[in-house]
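I have placed the structure first, in the form of structure tokens, so that the comments after it can refer back to it.
In listed order, ligands and their atoms are each counted from 1. All residue numbers in this chain count up from 1 along the given sequence.
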Amino acid sequence: MERTVIIVKPDGMEKNLAAAVLERFAKAGLRLVGCKMVQLDEKVLRDHYAHHADKPFFPELVSYMRSCPVLVCILEGDNVINRVRDLAGPTDSKLALKGTIRGDMGEDKSRNVIHASDSPESAQAEIRRFFKPEEVF
Ligand code: CMP
């Protein structure tokens with residue numbers, strides 16, 4: 001059984017899409033084993049997006065992710081990392097097919113509704129970054 005982290009980003013929160021996003025994962029049979037609403041700070045975001053630190057969009061990305069509280073969740077299931085990424089669609093919402101979360105609810109590369117872990121190593125690091133052990137069930 002595998003685990004992954006998803007974050008409902010500020011555009012998803014502002015459009016009140018958190019429940020609709022979680023419903024898609026529930027309907028796919030994925031189990032919620034951790035979930036909380038948090039205001040992310042600059043330190044945790046610099047850590048989370050360290051692999052993008054040299055990209056031109058990095059300052060905008062960090063400031064965007066701090067613009068309002070977000071919902072951070074852990075989902076569990078067989079092959080959950082790939083399944084969640086398939087349900088989300090590609091990073092650029094404009095390229096995402098209808099029927100995917102980003103294709104139906106996103107706008108572009110930045111306002112793309114959710115973040116999802118991209119590998120087992122990232123998922124482990126993100127679980128530790130965003131959750132205390134007692135917040136995971
Ligand atoms: P996320 O899954 O949170 O991981 C890195 C984020 O960087 C990605 O989603 C996008 O929101 C953002 N991103 C990637 N490419 C661009 C880009 N060209 N312009 C703005 N944001 C981007």
Closest approach of Met13 and Ala18, non-hydrogen atoms and distance?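 Between these two residues, the closest heavy atoms are SD-CB, 4.2 Å.
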If you have a sec, work out which protein heavy atom is nearest atom 2 (O) of ligand 1 and how many Å separate them, to one decimal?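 Checked against all protein heavy atoms, atom 2 (O) of ligand 1 sits closest to His115 ND1, 3.1 Å.
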Please report which non-hydrogen protein atom sits nearest to atom 10 (C) of ligand 1, along with the residue it belongs to and the distance in Å to one decimal place.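 I find the closest protein heavy atom is Lys109 O, 3.1 Å.
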Part of Asn112 within contact of ligand 1 (heavy atoms, under 4.0 Å):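 Within the 4.0 Å criterion, Asn112 contacts ligand 1 through side-chain atoms alone.
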Which bit of His52 is near ligand 1, meaning a heavy atom under 4.0 Å away: side chain, backbone, both or neither?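 The part of His52 near ligand 1 is the side chain, not the backbone.
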Under 3.5 Å, side chain of [X] to main-chain N/O of [Y], donor-acceptor pair present?
{"X": "Arg3", "Y": "Ile74", "value": "no"}
{"X": "Glu135", "Y": "Lys132", "value": "yes"}
{"X": "Asn112", "Y": "Ser93", "value": "no"}
{"X": "Glu2", "Y": "Ile81", "value": "yes"}

Going by heavy-atom distance to atom 6 (C) of ligand 1, choose the closest among Thr91, Leu61, Val113.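 Residue with the shortest heavy-atom distance to the ligand atom: Leu61.
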Measuring from atom 22 (C) of ligand 1, which candidate in Tyr49, Phe57, Tyr64, Phe58 has the nearest non-hydrogen atom?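 Looking at heavy atoms only, Phe57 sits closest to atom 22 (C) of ligand 1.
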Straight-line distance of Gln39 CD to Met65 CE, nearest 0.5 Å: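 Rounded to the nearest 0.5 Å, the CD-CE separation comes to 10.5 Å.
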Work out whether the distance between some heavy atom of Lys9 and some atom of ligand 1 is less than 4.0 Å.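 Yes; Lys9 lies near enough to ligand 1 that a heavy-atom distance drops under 4.0 Å.
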